[in-house]
Number of protein chains: 2
Amino acid sequence: MSNDPDIDTIRSDFIEKTGLISQSEGLPRIAGRIFGMLIFDGQAVAFADLATKLEVSRASVSSSIRLLEERGLIKRMTKSGDRQDYFRLATDPYATMLQGLQKRTQANRDEIAETIQSLPANSEAADRLNEYAKFHESKSAAIIVALETIRAAAPTSSEPQNAVLKEHQND
Amino acid sequence: MSNDPDIDTIRSDFIEKTGLISQSEGLPRIAGRIFGMLIFDGQAVAFADLATKLEVSRASVSSSIRLLEERGLIKRMTKSGDRQDYFRLATDPYATMLQGLQKRTQANRDEIAETIQSLPANSEAADRLNEYAKFHESKSAAIIVALETIRAAAPTSSEPQNAVLKEHQND
DNA sequence: AGGTTTGTTCAGTTTGAACTGAACAAACTG
DNA sequence: CAGTTTGTTCAGTTCAAACTGAACAAACCT
């Protein structure tokens, strides 16, 4: 009993999923939906289309776009003869996501390590804090492993399909 | 110029840190502070002490405790001759945390895999969704590695230090 | 029995992030 | 030049989660 849903439904469902997943990873839901849309559609999407297709305000698109750009997950492009901005996924967004996660995890570990340093030498709490630090350390180390796995799997970057689109140079 | 802060300041700072870290991992801040307090103090802490020392309502303690118990991160204990509930860290809370994270990550991967399955055979989006799925897959695999690392480092469970405290048997 | 202690539940408040509309500046068009 | 398009900014709103106070039930005490 396969009731083949049409492609638009699949697409919307996927976009909602990425919205929820991103939310659980600390990004606003709209940013996740934009990310999902760029994954699904593949081609560069115009700013106005993001707002209309996702049924959100341009202001929301603007701020979510900024977040995604800051994190290095998407790239802004221009199209000659078109005044709008276009957006596509960055070259290796997943490696970048893992890298960000790894840095934050490592920063947490370092903060705990600092606390341990500041403890009096004989403190019996040190061992327990150290276990907590080791937890973050293992997590960080594991993410580095995942990074290597991902980079090994996708070493060559794919060229932009649309020759008319050009990378936008920031500052 | 080391201006040795006193132990209580170190303790409070650590508890605040765990609150923030836990918050970034999707737990309420108070739950993180409880967790931090149990790490630092080592001994089982009474319910009332959690509320007073963290300066929050008993209701907040109750709901955060429930969350932490559900996730298997802390254990409820009783003390003979004392009507209060006491709490301590579960035996291996860090492994449990990683396990939870791994399951959620794997669930995300599976959902994306389902979406790919439902796509028409010739869909050119499939490759891109598959990269996204692989990302979650690598992350999941890496967490399993971290789990093994942690379990190898702390294989033997430490006995409860206080012989008067007893495991509380739920249902 | 009545009174206390203890933890939970629930309705309501608080809080902070997400989101919007409107004003705005910059870049373009005619 | 005035008028349009485009993206950003900012003040204000909305919304969901966190948190609280108070009522409550259960277990204990006297």
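What you see below is based on every heavy atom in this structure, not just the backbone, and it leaves out hydrogens, waters and symmetry mates. Here the structure is a predicted model, which is why all the values come from computation and not from measurement.
What separates CZ of B:R66 from C1' of C:dT8 is a distance of 8 Å, to the nearest Å. Atom CD of A:Q84 and atom P of D:dT4 are 18 Å apart (whole Å). The nearest whole Å value for the distance from the CZ atom in B:F47 to the C1' atom in D:dA26 is 14 Å. C:dC19 atom P lies 13 Å from atom CD1 of A:I65, rounded to whole Å. As a whole-Å value, the separation of B:L68 CG from C:dT8 P is 12 Å. Between the CD1 atom of A:I34 and the P atom of C:dA18 there is a distance of 13 Å, rounded to whole Å. For A:D82 and D:dT5, the CG to C1' distance is 11 Å, given to the nearest whole Å. Rounding to whole angstrom units, NZ of residue A:K79 and P of D:dG7 are separated by 13 Å.
With values rounded to the nearest 0.5 angstrom, A:L73 atom CG is found 5.5 Å from A:F35 atom CZ. Rounded to the nearest 0.5 Å, atoms OH (B:Y94) and NE2 (A:H136) are 7.5 Å apart.
For residues 105-117 of chain A, the pairs satisfying salt bridge (Lys or Arg N to Asp or Glu O under 4.0 Å) are A:R109-A:E137, with sequence neighbours left out.
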Between protein and nucleotides 27-30 of chain D, what N or O pairs are separated by less than 3.5 Å?
from: D:dA27; atom 1: N3; to: B:R83; atom 2: NH2; distance (Å): 3.1

Between N or O atoms, less than 3.5 Å apart, protein on one side and nucleotides 12-22 of chain D on the other: list the pairs.
from: D:dT20; atom 1: OP2; to: B:S57; atom 2: N; distance (Å): 3.0
from: D:dT20; atom 1: OP2; to: B:S57; atom 2: OG; distance (Å): 3.0
from: D:dT20; atom 1: OP2; to: B:S60; atom 2: OG; distance (Å): 2.4

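Shown here, C:dT14 forms a base pair with D:dA17; the pair counts as Watson-Crick or G-U wobble because both key distances fall under 3.5 Å.
Below 30°, between 30° and 60°, or above 60°: for B:F135 and B:Y132 the angle between ring planes is below 30°, a parallel geometry. Ring-plane geometry between A:F14 and A:F40 is classed as tilted, the angle between the planes lying from 30 to 60 degrees on a 0 to 90 degree scale.
Panel note: side chain A:T18, backbone A:G32; a donor-acceptor pair is recorded below 3.5 Å. The backbone N or O of B:R58 lies less than 3.5 Å from no partner atom in the side chain of B:S62, so there is not a single donor-acceptor pair.
Checked for salt-bridge contact, B:D41 and B:R11 meet the test: a charged N lies under 4.0 Å from a carboxylate O.
With no hydrogens or angles considered, a side-chain donor-acceptor pair links A:T9 and A:D6 at under 3.5 Å.
For the OP1/OP2 pair of D:dT8 and a distance below 4.0 Å, the side-chain nitrogens and oxygens of A:R76 include at least one atom meeting the criterion.
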